[in-house]
Every structure is written in structure tokens, then in C-alpha cells.
Trainee: 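Here's a structure for you.
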Protein chains: 2
Amino acid sequence: MKLEQATIKDIARELNVSSSTVSRALKDYPGISDETKRKVKELAEKMNYRPNAIALSLRKSRSFTIGVIIPEVVHFFFSTVISGIEEVAFSRGYNVILTQTNEKLAREKSSVDTMLSNQIDGFLVSYSKETTDFNHFSRLLDQGFPIVFFDRVPEIEDSVNVVVDDFKGSYEASKHLILQGYRRIYHISGPVQLKISKERLRGYQAALEDHGIKFENSWVIECPRGDENEAKEITLEILKTNSEKPDAFFCHNDMAAVGVMMACKEMGLKIPQDIGVVGFSNWQFCTMLDPSLSSVAQPGFKMGAKATEILLDIIEKKINTKETQNTFVLDTELLVRKSSVKI
Amino acid sequence: MKLEQATIKDIARELNVSSSTVSRALKDYPGISDETKRKVKELAEKMNYRPNAIALSLRKSRSFTIGVIIPEVVHFFFSTVISGIEEVAFSRGYNVILTQTNEKLAREKSSVDTMLSNQIDGFLVSYSKETTDFNHFSRLLDQGFPIVFFDRVPEIEDSVNVVVDDFKGSYEASKHLILQGYRRIYHISGPVQLKISKERLRGYQAALEDHGIKFENSWVIECPRGDENEAKEITLEILKTNSEKPDAFFCHNDMAAVGVMMACKEMGLKIPQDIGVVGFSNWQFCTMLDPSLSSVAQPGFKMGAKATEILLDIIEKKINTKETQNTFVLDTELLVRKSSVKI
DNA sequence: ATCGATGCCGCAAACGTCTGCATAATTTTT
DNA sequence: AAAAATTATGCAGACGTTTGCGGCATCGAT
């Protein structure tokens with residue numbers, strides 16, 4: 001059953017005027033008498049007229065819709081980003097259509113295609129872990145199509161990016177561990193192909209060097225999936241085999257940190273007395289853990305809002321991609337909790 | 001900068017045929033020679049032709065898009081529902097446009113409006129905590145517009161709903177606590193205006209009665225916000241003032257359960273030895289807590305998938321709203337972990 | 001040679017809205 | 001009183017697709 005929606009034509013017929021007049025009256029165009037405007041608006045109200053956005057899109061070749069592509073909504077961080085995106089988009093009269101890639105490249109590509117088919121005005125993208133080739137995006141960028149990348153950003157010339165300062169956040173977290181007296185600080189790192197993984201690793205290394213701690217390659221362990229089970233396995237492995245044991249872990253994300261904590265408990269090690277732990281992203285559960293987990297908070301809402309503002313400015317030609325700075329960096333905040341404070 | 005997209009007309013001009021022919025050739029309609037089809041398809045490929053979904057929507061008065069309205073994406077449960085929705089929608093050729101209401105009625109209403117403006121083919125709705133009047137939905141239902149409600153469902157005649165068996169899940173969880181030897185089982189309940197809150201309360205009461213435990217009204221405490229801080233406050237209050245102390249808590253959701261656990265720890269009570277705790281929803285963090293939290297798992301993905309299947313069937317007229325059963329109930333699963341097993 | 005059937009394709013209208021241009025009616029200016 | 005300016009409205013075409021209908025060949029059968 002289709003919804004019988006009143007159209008401009010219906011109003012026009014009823015009032016014995018042309019659809020042009022109705023269209024202009026509704027939009028308060030000049031050159032329409034106040035009397036006519038009043039009648040049109042009244043009837044529109046009465047007939048519960050609702051403009052057909054599809055027809056408008058076709059006519060204007062603009063859909064007032066932006067496409068958002070993210071890896072997974074279940075990630076707390078991404079879900080806060082979404083809120084920021086919606087907030088700005090709605091307040092500026094845009095709709096949001098969203099798809100998650102589930103970290104699959106194929107899904108990412110097909111999402112791009114169907115969104116383009118739907119004539120979206122621009123993209124907001126955080127790409128999948130599988131994505132190493134950015135042709136499907138750079139092709140569009142070359143044609144001048146508006147895209148803003150956030151969080152996970154590509155290394156493409158001229159792409160507009162919004163990121164958090166992973167390096168600094170990572171540096172601060174590592175420094176905090178050092179100042180607390182931890183010395184043998186291991187790093188559970190993320191998948192190396194992601195730029196954020198590299199940045200977080202760099203921050204960690206820089207902090208160690210700056211504080212005169214000689215850094216060992218064996219202290220860095222990659223944890224590609226980044227979930228707690230993987231991290232737990234890896235940590236157990238380390239705690240059981242390594243001759244010189246770690247006394248702290250700085251983790252690429254909070255899930256990994258949980259894995260580390262579980263492994264430590266299993267080995268009878270006390271946190272934070274024997275082992276310090278710091279995570280990244282500040283998931284909701286950080287405060288619920290025992291001990292509560294120190295973490296680097298990423299401003300998800302702000303990132304979503306900022307990225308959207310930039311994208312809409314580009315779409316509305318308020319800024320020019322070629323002229324604008326192309327990477328916007330947001331600050332993180334280190335939240336110190338019990339897991340990293342020696343008593 | 002707009003994307004210069006090739007249209008059917010462009011292909012037609014290039015090949016000296018009419019747009020009708022191109023349209024039909026692309027869709028393998030009968031009555032077009034194989035030769036022409038080949039040429040059209042080849043050129044379409046070469047020109048990177050992508051159908052304009054907007055034009056199609058206008059022509060067909062169908063957008064192949066469904067609108068999803070949920071309270072908040074940060075809720076783990078809802079984010080899994082979204083995955084289920086996307087999965088089914090995409091596989092059946094539909095797009096998804098999503099908005100969160102942030103539990104605000106005004107936002108819910110305006111979302112309905114803009115989505116209707118965008119000619120969506122149907123709604124998938126879990127309404128906000130503020131919503132007590134369902135006129136904005138029942139009006140549409142009366143006109144035969146396809147809507148499926150999930151999780152939070154209204155008590156409207158003829159509305160099609162997908163829910164989990166809150167009663168049974170709640171009953172099983174409470175029974176489990178009883179069988180573990182807990183007797184003075186308190187219930188931290190959700191906002192009373194939500195049907196799910198009522199159902200969970202009923203299940204809890206029924207379990208107690210069936211096992212000969214005399215039920216006291218003071219054992220049920222409403223926790224409207226449902227976050228851990230609120231629950232913690234309330235629990236501390238109970239533990240400090242009540243003369244006859246509880247020996248277990250069955251909570252309306254996992255966040256509340258965390259609050260209970262924090263309060264117990266603060267009071268020096270051991271879980272599960274002194275106090276048993278069971279939550280609801282099985283958030284990711286349940287396994288990360290210490291002790292791990294027993295919880296009633298809701299099949300979020302399945303719920304999203306099921307609701308979408310039903311909605312699309314209604315849209316495509318495969319089923320008739322009047323004839324079909326109108327409430328689909330999915331089973332929950334009690335996941336017993338350490339927080340509720342006396343050792 | 002005629003007829004009917006069949007295969008291939010184009011015309012034109014429609015979906016709902018906007019907008020440049022023309023037109024008609026009214027008022028102002030000279 | 002005629003010309004010019006202003007005001008209020010309508011016409012028609014466009015955005016990109018689909019689709020009912022009709023037209024023109026070609027072919028086989030009678």
C-alpha cells in the first residue's frame with residue numbers, strides 16, 4: 001500500500017493556479033501576492049503536503065544526503081563519531097546514509113557504488129583494515145568529488161583528513177607509565193598497515209627514547225585482530241617465556257588492554273603493583289573494570305562533527321580543497337585511572 | 001564540483017539509438033537484438049555508467065530504501081541489531097538510512113518526517129523513552145504504510161512487532177539465581193513506561209512465586225536512566241539502610257549490574273559468595289568484568305535480520321499485515337558466568 | 001501475391017519539482 | 001493619454017528512467 005501523498009499539482013488544481021505559483025508561494029518567492037501565498041500555505045498545511053525530496057534531488061542534481069562509511073558500529077568510538085556526524089548534518093539540513101564495511105574491502109567498494117548511485121553529495125570515510133589500495137577513492141577525488149576521511153586516513157595527496165593526534169596521545173600515555181616508575185614497557189600494537197598503528201607506535205618509541213629507556217624491538221608485539229582473546233594469548237606467551245619480564249603494557253586499544261589484564265590476573269600478577277596497563281580509545285567499560293583502566297580518550301563526537309562541517313563546507317563550496325589545509329588534528333586526553341598508578 | 005556521470009541518454013546518442021532501447025538492452029528485456037545488447041553493455045561499461053537511483057525512484061515511486069529509527073547506536077544491543085538489518089537489506093537490494101533519536105520524542109517525529117520526504121519504502125522502529133503517544137506512527141499504519149517495530153514495541157492494534165521473550169529470559173535468570181541458593185533476590189528495574197521493563201519484572205515475579213519465595217514490593221527498585229552510577233547509588237542505599245539485606249540482584253540491564261557490582265565491592269561484599277548478580281543484554285564487557293557477569297543474551301543480529309525480512313515482505317506484498325501474525329518472539333539465552341555461581 | 005506473425009526499435013508521456021521566459025493586468029511616470 | 005514600469009501569474013522544458021503502444025521490416029505460410 002503506497003502512501004497517498006499530496007503534491008504541488010494537487011494543491012494547484014484545487015486552487016486553480018499553476019504549479020509554478022504554488023511552488024513559488026511555498027518558498028516565499030517574490031512576485032506572488034500575499035493573498036495567494038496565504039491560500040497556498042493554508043491548503044498545503046491542510047493537505048499535509050510534504051515536499052518530495054526525490055523529485056527535488058533529481059531536479060537539482062543534489063540529494064542533500066551524505067554517505068558515511070565506517071568499519072563497524074559496535075566500536076564504541078565509531079558510534080560516538082556517528083552521533084557527531086548526525087548532529088551537524090541534521091542541523092544543516094542534510095540526511096545521512098550509513099554503511100559498515102565489517103572491515104571488508106569488497107563491501108567498501110560496493111557501498112561506494114550504491115551510494116554514488118543514490119547521488120549522495122559527499123563521503124565521510126574511515127576505511128576498512130583490508131583496504132590497501134585507494135583507487136576507488138582517489139578516482140573520485142580526481143574528479144573533484146567531496147570526500148573527507150576520518151580516523152583511518154589514507155596517504156593520498158590532497159585528501160582531506162580529520163584525525164586525532166595519535167602520536168601525542170601515545171607519547172603522553174607512555175610517558176605517564178614511565179613517570180609512574182615503570183621501566184620495561186611493552187607495546188601491544190595494532191595492524192601495521194593502518195596509519196594510526198604506526199603513529200601510536202612512534203609515540204611510544206619517542207617517549208621511551210626521550211626518557212632514556214633503551215628500546216628493544218621484542219617489546220613490540222602486533223595484535224592484528226585487536227580483541228581481548230588474542231591479546232590474552234599473546235600476553236600469556238610473553239609472561240611465560242621471556243626471561244626479562246615486562247612491568248607495564250601500553251596497548252593499541254582497550255580490548256587488547258583487557259586481554260592483558262586477564263592474562264596478568266591468571267598469572268597471579270597484581271595490577272597496578274606488578275604490572276601497569278594503559279589502553280587507547282576510552283571505551284565505556286574502562287570505568288567498569290577492576291581495577292579501572294587508564295586510557296587515551298579520543299574525541300569521537302567532536303571528530304564526527306568536525307569532519308562533517310568540513311565536508312559540508314566543501315560541498316557548498318565554502319572552502320576549496322586545493323587551498324585548505326588538508327589534515328585536521330584533534331587532541332586526545334589521557335584519563336588516568338587505577339590500572340597505571342602505583343600506590 | 002559535480003560528478004559528471006554518464007546517463008542512458010549519453011549512451012543512446014553515442015550509439016544512435018533511442019534511450020528506450022538502451023534502457024531495455026541494459027535490463028535484458030526481450031525484443032532487443034543480441035547485437036544491440038552487446039554494444040550497449042560494452043559502451044556502458046566503458047563509460048562507467050551507473051544508474052541514477054534518484055531518477056528510478058521518482059519514476060517508480062519506490063526508493064528501495066528503508067528508514068531505521070533507534071534510540072542510540074552506542075548501545076551494544078542496538079549496534080548488533082543494525083548489523084542484522086544491513087545484512088538482510090543489502091542482500092535484497094535495499095538501502096538503509098538511519099537516525100538515532102537520542103531518546104527524544106521531538107527528534108523521533110522529525111526523523112519520521114524527513115524520511116517520509118525521502119520516499120522511504122518502510123520503517124523499522126524502536127521508539128524513544130519519551131514516546132508515550134504513538135499518533136505519528138498509527139496515522140501511517142492506518143494508511144497502510146509498512147512499519148515493523150522491534151525491541152521496544154507499542155501496544156497498538158495491528159502493529160507488527162519483533163521482540164525477544166523478555167518474560168522468559170527474565171524468568172530463567174531469576175530461576176537460575178534461586179537454584180543457586182539465593183533467596184532474597186532484588187530486582188533493579190527499567191523505566192516503567194517501557195513494555196520491556198514490565199515484561200522483565202513479570203518474569204522475575206513469576207519465577208519467585210513459582211519457587212515459593214514470598215515476594216516483597218520493596219525488592220523492586222526502578223532505575224530509570226539505567227546507567228552504572230545510578231545503580232551504584234541505589235544499591236549502596238539499599239545495602240546500608242535495609243534491615244534484611246538482599247543476597248542477589250537481578251538487573252534490568254548490564255550497566256545497572258555493573259553499578260551493583262561496584263557497590264558490593266565497596267561494601268566489602270564478595271561476588272558471587274555473598275551476593276549473586278545477573279544482568280540483561282550481554283554487552284561485550286560482561287566477559288571482561290571480574291568476576292565475569294552472567295547475563296541474558298538478546299539475539300540482536302537475529303532481531304534486526306528478522307524485522308527486516310518481515311518489513312521487506314510487507315513492502316513487496318509477500319505478506320499481508322492483516323493476515324499475518326503480528327508479534328514475533330525470539331528466544332533469549334541465559335549465559336551463566338561467575339557472578340551468579342556459588343562455589 | 002497476400003496475409004499474419006514475428007522481431008526490433010522509437011515516440012512520447014510520466015514521476016514531482018523548479019525556473020527562465022513570456023504574458024497579462026495594473027499602476028506609475030511623462 | 002500614451003508609454004513605461006511594476007506586479008502577478010502561467011507555459012514549458014528539464015532532471016534520468018521506464019514502459020505502453022505503435023511502426024516498419026522481414027519472413028514463412030497459404
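Bear in mind the structure is a predicted one, so any value in this text is a computation, not a measurement. Labels below follow one simple rule: chain letters A, B, ... track the order of the sequence lines, proteins then strands, and each chain is numbered from 1. Computed from heavy atoms alone, side chains included, the values below leave out hydrogens, waters and symmetry copies.
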Trainee: Assign a letter to each nucleotide of nucleotides 6-12 of chain C from its 5' end: B, base within under 4.0 Å of a protein heavy atom; S, sugar-phosphate only; -, no contact.
Mentor: --BBBBB
Trainee: Under the ring-ring contact (aromatic ring centres under 6.0 Å, His included) test, which residues partner B:Phe137, sequence neighbours left out?
Mentor: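 Result, ring-ring contact (aromatic ring centres under 6.0 Å, His included) vs B:Phe137: B:Phe149.
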Trainee: Could you tell me whether A:Pro30 contacts a base, only the sugar-phosphate backbone, or nothing, with contacts defined as non-hydrogen atoms closer than 4.0 Å?
Mentor: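 Contact class for A:Pro30: none.
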Trainee: Is it true that, when you exclude B:Lys195 itself, more than 12 heavy atoms of the residues, nucleotides or ligands shown sit nearer than 6.0 Å to its NZ?
Mentor: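 For B:Lys195, atom NZ is crowded (more than 12 foreign heavy atoms under 6.0 Å).
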Trainee: Would you call A:Asp121 and A:Lys60 a salt bridge, taking side-chain N to carboxylate O under 4.0 Å as the test?
Mentor: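 The answer is no: the pair does not qualify as a salt bridge.
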Trainee: Whole-Å distance between C:dG16 P and B:Leu116 CG?
Mentor: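 B:Leu116 atom CG is separated from C:dG16 atom P by 15 Å.
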Trainee: Looking at A:Lys60, does any N or O in its side chain come under 4.0 Å of the phosphate oxygens OP1/OP2 on D:dA14?
Mentor: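 So the side-chain polar atoms of A:Lys60 never come under 4.0 Å of the phosphate oxygens OP1 or OP2 of D:dA14.
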Trainee: Would A:Ser23 and A:Ser20 count as a side-chain hydrogen bond (donor to acceptor under 3.5 Å, both in side chains) if you check the C-alpha gap in whole Å, the side-chain angles of each, and the deciding distance to 0.1 Å?
Mentor: CA-CA 5 Å; A:Ser23 171; A:Ser20 335; over 6 Å; no
Trainee: In whole Å, what is the span from the CZ atom of A:Arg13 to the P atom of D:dG10?
Mentor: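 Rounding to the nearest Å, CZ of A:Arg13 and P of D:dG10 are 14 Å apart.
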Trainee: Could you tell me the separation between the CD1 atom of A:Ile11 and the C1' atom of C:dT17, rounded to a whole number of Å?
Mentor: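 Nearest whole value for this atom pair: 12 Å.
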Trainee: Do A:Arg62 and A:Phe64 form a cation-pi contact, if we require the NZ or CZ to be under 6.0 Å from the six-membered ring centre and within 45 degrees of the ring's axis?
Mentor: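 The answer is yes, since A:Arg62 meets both limits relative to A:Phe64.
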Trainee: Calculate the interatomic distance between B:Asn118 atom CG and C:dT17 atom P; express it in whole Å.
Mentor: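 Distance, rounded to whole Å: 13 Å.
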Trainee: Please report, rounded to the nearest Å, how far the C1' atom of D:dA14 is from the CZ atom of A:Arg62.
Mentor: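 Result: 18 Å.
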Trainee: Whole Å only: how far is the CD1 atom of B:Ile8 from the P atom of D:dC15?
Mentor: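 The distance from CD1 of B:Ile8 to P of D:dC15 comes to 14 Å, rounded to the nearest Å.
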Trainee: Do you see a donor-acceptor pair shorter than 3.5 Å between the side chains of A:Ser117 and A:Thr114?
Mentor: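 Not at all, the side chains of A:Ser117 and A:Thr114 share no donor-acceptor pair under 3.5 Å.
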Trainee: Rounded to whole angstrom units, what separation is found between the CD1 atom of A:Ile54 and the P atom of D:dA14?
Mentor: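 A:Ile54 atom CD1 is separated from D:dA14 atom P by 22 Å.
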Trainee: By nearest heavy atom, map B:Leu58 and B:Tyr29 onto DNA chain D; which one lands nearer the 5' end?
Mentor: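 Checking each residue's closest nucleotide, the 5'-ward one belongs to B:Leu58.
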Trainee: Using whole Å, what does the distance between atom P of nucleotide C:dC15 and atom CG of A:Leu56 come to?
Mentor: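 For the pair A:Leu56 CG and C:dC15 P, the rounded distance is 17 Å.
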Trainee: Under 4.0 Å between any heavy atoms, over every strand shown, what does A:Lys27 touch: base, sugar-phosphate, or nothing? Just pick one.
Mentor: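 The answer is sugar-phosphate, as A:Lys27 gets under 4.0 Å only of primed atoms, P, OP1 or OP2.
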Trainee: Please check if atom NZ in B:Lys302 has more than 12 non-hydrogen atoms from other residues, nucleotides or ligands closer than 6.0 Å.
Mentor: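 Atom NZ in B:Lys302 is not crowded, with 12 or fewer foreign heavy atoms closer than 6.0 Å.
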